[in-house]
Amino acid sequence: MPTSSPPGRRARVLSPGTSRPSSEAREELRRRLLELIEGNRVMIFSKSYCPHSARVKELFSSLGVDYNILELDQVDDGANVQEMLSEITNQKTVPNIFVNKVHMGGCDRTFQAHQSGLLQKILQEESAYEYDLIVIGGGSGGLSCAKEAAILGRKVMVLDFVVPSPRGTSWGLGGTCVNVGCIPKKLMHQAALLGQALRDSRKFGWEYSQQVKHNWETMTEAIQNHIGSLNWGYRLSLRERGVTYVNSYGEFVEHHTVKATNRKGQETYYTSANFVIATGERPRYLGIPGDKEFCITSDDLFSLPYCPGKTLVVGASYVALECAGFLAGLGLDVTVMVRSILLRGFDQEVAEKVGSYMQQHGVKFLRKFVPVMVQQLEKGSPGKLKVTAKSTEGPETIEGVYNTVLLAIGRDSCTRNIGLEKIGVRINEKNGKIPVNDVEQTNVPYVYAVGDVLEGKPELTPVAIQAGKLLARRLHGASSEKCDYFSIPTTVFTPLEYGCCGLSEEKATELYMKENLEVYHTLFWPLEWTVAGRDNNTCYAKIICNKLDQDRVIGFHVLGPNAGEITQGFAAAMKCGLTKQLLDETIGIHPTCGEPCLRAGPQPSPPRDGLEGPQEASSAKQVQDQGPGEICQKLSI
Amino acid sequence: MSVLQAMALPAMPQRQPQPTKEFLNTPEKQGTPRAPWMAVRAPPPPAGTRWGLGGTCVNVGCIPKKLMHQAALLGGAIRDAGRYGWEVAQPARHDWSKMAEAIQNHVRSLNWGHRVQLQERKVKYLNVKARFIDKHTVLGVSKDKKETLLSADHIVIATGGRPRYPTLIQGASEYGITSDDIFWLKESPGKTLVVGASYVALECAGFLTGLGLDTTIMIRSIPLRGFDQQMASLVTDHMASHGTRILRGCTPSRVARLPDGRLQVTWEDRTCGKEDSGVFNTVLWAIGRVPETRGLNLEGAGVETNPESQKILVDARDTTSVPHIYAIGDVAEGRPELTPTAIMAGKLLAQRLFGGSSDLMDYSNVPTTVFTPLEYGCVGLSEEEAVARHGQEQIEVYHAYYKPLEFTVAEQDASQCYIKMVCLRQPPQPVLGLHFLGPNAGEVTQGFALGIKCGASYEQVIRTVGIHPTCAEEMVKLRISKRSGLDPTVTGC
């Protein structure tokens, strides 16, 4: 080991014993050298006997500047280090000097820089900041950005603080997806699907007790336990990567500075070169009497300690329909109050099918009504609430009594109380969203944003993860790849799942005009549903092609079981330039629900022999040819 | 006009020439050699099981096996339901007869659907057993021995295959059954020995175990020959850990019926050379399939077969050695034995014959899924095949062990949930093969098969944004290569 030569500290590079490194070892060496270069204000690669090196060390000592040294003649692998340095800097000799990540050169050039004042200038630059990157918000986007930046050797902090909901619900690290979004909702959806599986299973020969009840507490506890383990996993992965995690509320107070306030009200100030805003969104309230006092949102539902009972869901977003769907699937009496259309932004033909399937399976819909008042009739777990609503089309008002009222009318960005105005970061005043350029940069150059706070970008976990990761890579020179926000696939986990990628029919028509589109579609009957005696004219696939561009597939929509699993591969194919011809040439996997998606017929659908196979021959095809409803007669013996 | 096979005709677009309505099925009119349609009916297997129109897939293949697989999955769902808050008394009991009746009813409705479809398209359907008299003439014999002479300009052979019985094992055909019988059993097969390691063997053993039956599978050498062997061993590992007893390196030597009706099977354990035996209610042979070509008098028509496989030799246009006789599906040499390929081949053949098309069937990158308890979907090359074609150095394999979200709350073991993408190493790393082991593998694989058809590269696949939370998203999140030696276990989301 090298001997100490104060005031410099020693750095170690390689474990001993490696003489001719493999390509993996070389990459590792490069990474660790970059770490030294980037992690130290002054980094000197030198040899202990070299007089030029000694002069440089004296220079920095005389300036009173702390520096790090690696003596290449005193580490086991000095020759490899020197070779790698030459690769990085194009300089073969020592000393090889870096100041604030800037390659100064050798002894002479460092002294020249000192004489010209450049060295002093570089020494002052950026060194004022404690961190390279501070991420505000520990959700999917923020965490992926923080972790990637840390992997690239940066000093990173994550500020994450969950402001309790009006009902007092709060949660751990990981943001919406893990705590109050994708994860618990898919698990509750799964619980509801298992209820359907129980009913199906009798048709498949299974026998068990007649009365089957669902226990909300058992389910919620199991789901919350899983979430707890995920929260812990996130903590651990930040620690493993050396990211500083602070459980405090972050807000900007001046340029490059945030104030972090913890649960006890203690304030700490942190500075950083760059910032990423990833504070996400929280559910919106109606602004009517009784809403914050008596209603819950998706922030509260997944950890509700008691069964919600008879529930009114207000809204028609995917959150509203998903929650209504699984609550009904668990056996609860559920009503959805809808102001105008279902699933705004999604294909409206499919959206209506999603709604009508829910309606056929016991969910009640109140269309064109909005709540105006919520009153408590009885306290309890759950209590009793009276909801007064008025028609959007006339003077009519209605009243209803429910145990629980769940608001799912939209979400608001958490951007208005984080001091953005102090440093001049512009937001869209209407919706609170942050406009960014194509590299997720706000109008303040060192402040970036990812995830649901972005204006005009999809609010999806995988998008935020991808954007965060690519942002970190670009910020730290590892790549120039930008996040592609087009053709993002997604799935709505309503009782009948709806997966899509690309454009809705409305949007496609708007962009390309109807005459330039060819729309193929089919109804299909999953094989598993036949024996189970379930609806035969319900599952649906639609493919939208652009005739002006070789029948390229620009929209894919599927409504059926496992829609998410089906859609993913179709999205990959669309990424690879899927056309109708390639679709026709691809062999199906029999018998699956993905198979009929390949064989959708033209729209409007004249009888056509486009569908084949024993399965479709007797299901989807005839439905398509003859219209819904006739298939049963057709197939009954 | 034409004589076409059942699967080919429904696929013919109606704008194309219609087969004539004229047909002859009485001895008096034997002289007029024209018939639009003919169906060949196979003889019943040793156990006597018979079924209706639609072939293997509908009657004794894909359809009933996926439904029995579904029944087994629902057994798992009942167990999972408890963890998700459903208060169900465990364990639930399974009634084979009830399931079988429901499935058989569905299959019969499909048989009927096919009949109706043929009628609607004016295809004449004859329920006769056919053999060639000469190049242009076929003799059909009905159940009541009535003979019909038929003749056509074009003849398509699509007689498929039937399960093979062992020839040298005493008692094999007297006491054993095959996949031709299992789906039509009215009573539970009880404790079952499945012999074989094909996908049919593994699928049957899988759902029998899932339905709560004591099931043993006897494998002579390797499981799922032709499939990726790493995936194959994960499939059998999963089965073993879920209650299927697996006897490896064993070959049966005889089957005898005991006085109580049960079957005593004796086998040789070739790993130690010892003889062993066990008593079962049912023995199911799933050791392979033989093409149905022997009773057709192909020699009489001059149609050549591969003497070893007995399959019919065909060219890329599905033409046999006789220019107006064609063969498609499982009976044709060198074709994948899969329903969707047979369907597409039949459709393309009809379009070439009568629709002025010249499109040929592309048999590369055909996706498929094995419906074992943990489903295995794949498309493209196995890792072994990729290495054999391109060399170890030119191949990059990305892989991951993942845990389906639904498994967490259900406390299910996900040790065998695994994904592998085999690519060329040179950027942009074109994808050569995809392998997915996990729930809903068929659904996951279908779209990716499309991607491969579009010439997907690794770079394109991983730039695809995932759908959260699904199993399929793990496919676009593959980052760890085998070469890196890093741990491929996915943690968190």
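Chain letters run A, B, ... following the sequence lines, proteins first, then strands; residues in each count from 1.
For Leu211(B), the parts lying near chain A are the backbone and the side chain together; criterion is any non-hydrogen pair under 4.5 Å. Within the 4.5 angstrom heavy-atom criterion, only backbone atoms of Arg83(B) (N, CA, C, O) approach chain A. When heavy atoms are compared at a cutoff of 4.5 Å, Leu198(A) approaches chain B solely by way of its side chain, counted from C-beta outward. Only the side chain of Met361(B) comes within less than 4.5 Å of a heavy atom of chain A; its backbone N, CA, C and O stay farther away. Heavy-atom distances place the side chain of Val476(B), and not its backbone, under 4.5 Å from chain A. At a 4.5 Å heavy-atom cutoff, the contact between Thr369(B) and chain A is made by backbone and side-chain atoms alike. Using a 4.5 Å cut-off between heavy atoms, Phe556(A) does not touch chain B at all.
With a 4.5 Å cut-off on side-chain heavy atoms, Asn365(B) and Ile587(A) do not count as touching. For the pair Leu450(B)/Leu583(A), a side-chain contact is recorded, criterion being any heavy-atom separation below 4.5 Å from C-beta on. The shortest distance between side-chain heavy atoms of Asp95(B) and Phe204(A) does not fall below 4.5 Å.
Taking the salt bridge (charged side-chain N to carboxylate O under 4.0 Å, His left out) definition, one finds that Glu481(A) meets it with Arg463(B), sequence neighbours left out. Annotation: ring-ring contact (aromatic ring centres under 6.0 Å, His included) contacts of His214(A) (sequence neighbours excluded): Trp86(B).
A salt bridge does not link Glu87(B) with Lys213(A): none of the charged nitrogens is closer than 4.0 Å to a carboxylate oxygen.
Of the options Leu460(A), Ile183(A), Thr491(A), Thr490(A), a side-chain contact (heavy atoms from CB on, under 4.5 Å) to His468(B) is made by Ile183(A) and by none of the others.
Residue with the most contacts toward chain A among Lys98(B), His69(B), Lys66(B): Lys66(B) (heavy-atom pairs, distance under 4.5 Å).
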